[in-house]
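This report concerns only the one structure given below.
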Amino acid sequence: MMLDMFEDKLQGIKAKYGQDCLDRVAEMFDAAPEDRHPLQSGAKYIMKGLSTTPWLDIENMCELKPLVQRLEAVAPAIKEEVREAVRQKSSTLVNYEHYLGAQKDWSALYLYRNEKPKPEVQQVVPVTWDVFQNELRDWHCPLLEVHFSLLHPGAEIKPHSDLWNFTLNLQLAVDIPEAGCEITVANEPRNWQEGKCLIFDYSYEHHAHNHSDQNRICLLMDIWHPDLTAAEREALHIVFSEIRRLTGM
């Protein structure tokens, strides 16, 4: 079994939470690829037992309400500070690098990347940084990113699935053109509503476009799935950090 490779690093978790606390994690590595929704076929790992639909209803996710309410309350201030960063051509804005490859018409301003925070952006986007350090802190998956995603006019993100389903993509719509922008998850298109959050399971195939003549800016946050236990969070962080170290994944 895959987890046997990391047994020495996981013993403390099992001692704390019980010997069977990581059963779902172990099963995830051994699951048959066909034992999933067809539109999740591009994902590498699917953990069973996590409630899922391609789009999720934030109103039904009570645990996330403090984070969502704070994000939406300060959305105008977040919009102004990231717009200013764009106007000033801040050095913190870089081409977004995805495993699909880099795109010159897709930029990012990172608050967290490569398992490290980016404190140099604190002065550029102080309101966003405060949310990252407080309401978002316990939800953010440290394996993944927090960043502003800027889709430039005419940009398209081709259909793809991300690596797994044990994290979800929470997005705050920061600066949205009046028309021409859309995101589709599992063949269901939706429009961003400026100042509002949406959330989806990005193990399902998804894609997006900006056919307007303005930038589309969202704050993207990779958060733990609410159905995970504390033991599973800890173990997933350890295991995938080690896999990355060994394989460069």
Let me check something: do Val127 and Val124 share a hydrophobic cluster, defined by ILVMFWY side-chain heavy atoms less than 4.5 Å apart, either directly or through other members? yes
Shared hydrophobic cluster for Trp164 and Leu220 (ILVMFWY, side-chain gaps under 4.5 Å): no
Using every non-hydrogen atom in the two residues, find where Asn210 and Gln214 come nearest and quote the distance to one decimal. ND2-O, 2.7 Å
Would you find more than 12 non-hydrogen atoms of other residues, nucleotides or ligands less than 6.0 Å from Gln19 atom CD? yes
Report yes or no: do Ile223 and Val174 belong to one cluster of Ile/Leu/Val/Met/Phe/Trp/Tyr joined by side chain heavy-atom distances under 4.5 Å? yes
Geometric class of the Tyr96/Trp106 ring pair [parallel <30°, tilted 30-60°, perpendicular >60°]: tilted
Is it true that Trp129 and Val94 fall in one hydrophobic cluster, defined by side-chain heavy atoms closer than 4.5 Å? no
Classify the angle between the aromatic ring planes of Phe200 and Tyr202 as parallel (below 30°), tilted (30 to 60°) or perpendicular (above 60°). perpendicular
From Leu144 atom CG to Leu163 atom CG, the distance as rounded to the nearest 0.5 Å: 8.0 Å
Does Lys48 NZ have over 12 foreign heavy atoms under 6.0 Å away? yes
Are Phe166 and Phe240 close enough that their ring centers fall under 6.0 Å? yes
If only atom types and distance count, is the side chain of His207 paired as donor or acceptor with the main-chain N or O of Glu205 below 3.5 Å? no
Test log, rule side chain to side chain contact (heavy atoms under 4.5 Å, CB included), inputs Ser107 and His152: CA-CA 8 Å; Ser107 300; His152 302 295; 2.7 Å; yes
Roughly how far, to the nearest 0.5 Å, is the OG1 atom of Thr128 from the CG atom of Leu109? 8.5 Å
Please report the C-alpha distance between Ser241 and Leu143 in whole Å, then the side-chain angles of each, then the deciding distance to 0.1 Å, and finally whether the side chain to side chain contact (heavy atoms under 4.5 Å, CB included) criterion is met. CA-CA 7 Å; Ser241 291; Leu143 294 164; 3.6 Å; yes
Should the ring pair His140 and Phe132 be called parallel, tilted or perpendicular, given that the plane angle runs from 0 to 90° and is split at 30 and 60? perpendicular
Going by distance alone, is a donor N or O of one side chain under 3.5 Å from an acceptor N or O of the other, for Asp222 and Thr167? no
Under the rule for side chain to side chain contact (heavy atoms under 4.5 Å, CB included), what residues qualify as partners of Glu63, not counting sequence neighbours? Met61, Trp139, Pro226
Would you check if Val185 and Leu39 make a side-chain contact, meaning some heavy-atom pair closer than 4.5 Å? no
How about Lys14: does its NZ atom have over 12 heavy atoms from other parts shown lying under 6.0 Å from it? yes
